[in-house]
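Reviewing the structure listed below.
Chain A is the first sequence line, chain B the second, and so forth, proteins listed ahead of strands; every chain is numbered from 1. As the structure is a computational prediction, the values presented were derived from the model and not from experiment. For the numbers below, each heavy atom of this structure counts, side chains included, while hydrogens, waters and symmetry mates do not.
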Amino acid sequence: MRKMPVEPLLPVEKKLIGWSLGAGLVLLVILIFATRGT
Amino acid sequence: MDQSAKGLSEDWLSVWIGLLVFVLALGLLAGADVLGWVVTTAVWTELSKALNPVSKAYSGLGGAGALIATYLALLVVMTAGAAALKADLKRFALGFTAVFWISYLAWIAGSYANFAVTTPGDMQKFGISWSLKLTNEGGFILALVAGLVVGNFFPGFAAWMKEAVRPELYIKTAIVLLGGFLGIMAATQPVLAKSILFRGLAAIIEAYLIYWAVVYFVARKWFGFSREWAAPLASGISICGVSAAIATGGAIRARPIVPIMVASLVVIFAVVELLILPFVANAFLAHEPMVAGAWMGLAVKTDGAAVASGAIAESLILATNAAEGVNYVKGWILGTAATVKIFIDIFIGIWAFILAYIWTNHIEVRAAGDKAKIGEIWERFPKFIIGYVLTFVVVLVVAFGAEPATTAKIRAAMGEANTFRVIFFIMTFFTIGVMSNFRKLWEEGIGKLAAVYVVCLFGFVIWVGLVISWVFFGGVKPPLAAG
């Protein structure tokens, strides 16, 4: 672990993080509204 | 997910053992009490009255006879299972003997009245003036502490019993059995059960899309971890400490040591959470029992510790409410914790496939033949979930709308299966403790990984989990016990 290479965040990693968070928040909001109806 | 070199996986073995107990228990439906000899422990002040066979039909065995019969039966079944795993049978049988007896002695000790009694009426009945009010499930904590003592102060003994120190096998078997137990509850409260299943979807979104992304970012950006370390770490902290960390390590072609270190770290932190969170839940969420259950399933990141935390939180919260005159039906808080954790586990294979696709196509681009294959989704799927769903659905279908007499028989059958589930639980607690060798992990340089875990766990995993649990489970209450 001490010899770990330095690897800057690639654009594809930034995209993965951003899309995950965005999709997660949108889906949670949809689910909140859906559960209010159950 | 441990797997022996060439034998059956622990995952599949847990399904077969769980289904064996489940089917034998259902013998009651045909009038055959096949498992009534299994030992159960009551709260006690006189040891001679502590143990009994679960069914009166076997009362002639006596408590000690039932305990020995339970040990011998489990020894035979588990050693046959060890043969299927291609484990060293002699070492397994000896190790299992130690695991069973230490675990069960801890359970008996935990049922001592001064530890377990929760109400003034029972204190009077047992003639005691004080009690820790842990319920008899405080025995889980004693088993865990016994395991931690063995793992950290008697490493030679821990190594000797290593072949039988398999918390994943024990908890997965217990979860298969839990399916039937929850099935009978769902059959009698279908609207509430449906509501919990629907709300459990939030756990999947939270674990995979929110936790994972944030942990990965924190590990990469703030702590400078390489992708090889950050991805398994994010999966371990967000999804499941053992299965997901190992699946992710395989998906991104990390060296084997990486997921093993991550899994070890998560197991340690799960133990710490197990010792703290159920008591915090009881202190602050006693009047929101389902929020507490969902929180355990969301915040504790190994199957064993998550379901175990649900069990302890349930016993504490039921006792707190009982002292206030509110008696909830047992099993709903634990069921919520298990449902939430199982929902999260279901998608491990799909998530590993997505990561494998991104890694092989965009990060470490590989030749066409070495790219992620769709079959990996099934390969990574936690198979014990099949057993859980099967026992749940079978009981639900048979019990739904059945005559009261049939429902009573199924309830009795699941009660017997549930007694085995508790024994597998106890062994899970003990073996989690045995595996948690703090000093060894520190020597391996796990400090930096632990720093990420502390920041993520206390920085947002626990709190976001609490908020989501509150939003989706707030105001949902377990049914009240009759009478």
Decide side-chain contact (heavy atoms from CB on, under 4.5 Å) for Trp212(B) and Leu16(A); before the verdict, give the C-alpha distance in whole Å, the side-chain angles of both, and the deciding distance to 0.1 Å. CA-CA 10 Å; Trp212(B) 196 96; Leu16(A) 174 65; 3.7 Å; yes
Honestly, the part of Lys194(B) sitting under 4.5 Å from a heavy atom of chain A is neither
Part of Pro8(A) lying under 4.5 Å from any heavy atom of chain B: backbone
With side chains defined as the heavy atoms from C-beta onward, is the minimum distance between Arg227(B) and Leu10(A) less than 4.5 Å? yes
Got a second to check how far Lys221(B)'s NZ is from Glu13(A)'s CD, nearest 0.5 Å? 10.5 Å
If the test is side chain to side chain contact (heavy atoms under 4.5 Å, CB included), which one of Leu25(A), Leu21(A), Leu28(A), Leu27(A) qualifies with Leu209(B)? Leu27(A)
Give every residue pair that meets the salt bridge (Lys or Arg N to Asp or Glu O under 4.0 Å) criterion with at least one member in residues 233-246 of chain B, sequence neighbours excluded. none
Given a strict heavy-atom distance threshold of 4.5 Å, which part of Phe472(B) is in contact with chain A: side chain, backbone, both, or neither? side chain
Hey, what do you get for CD1 (Ile354(B)) to OG (Ser20(A)), rounding to the nearest 0.5 Å? 8.5 Å
Using heavy-atom distances under 4.5 Å, tell me whether Val12(A) contacts chain B through its side chain, its backbone, both, or neither. side chain
Looking only at heavy atoms and a cut-off of under 4.5 Å, which of Tyr208(B), Tyr211(B), Phe217(B), Tyr216(B) has the most pairs with chain A? Tyr216(B)
Turns out that what part of Ile210(B) lies under 4.5 Å from chain A's heavy atoms comes down to both
Quick check against the 3.5 Å criterion: does Arg220(B) have a side-chain atom that pairs as donor or acceptor with the backbone of Glu7(A)? yes
Heavy-atom pairs under 4.5 Å with chain A: which of Ala234(B), Gly224(B), Ala213(B) has the most? Ala213(B)
Applying a strict 4.5 Å limit to non-hydrogen atoms, the region of Ile468(B) in contact with chain A is side chain
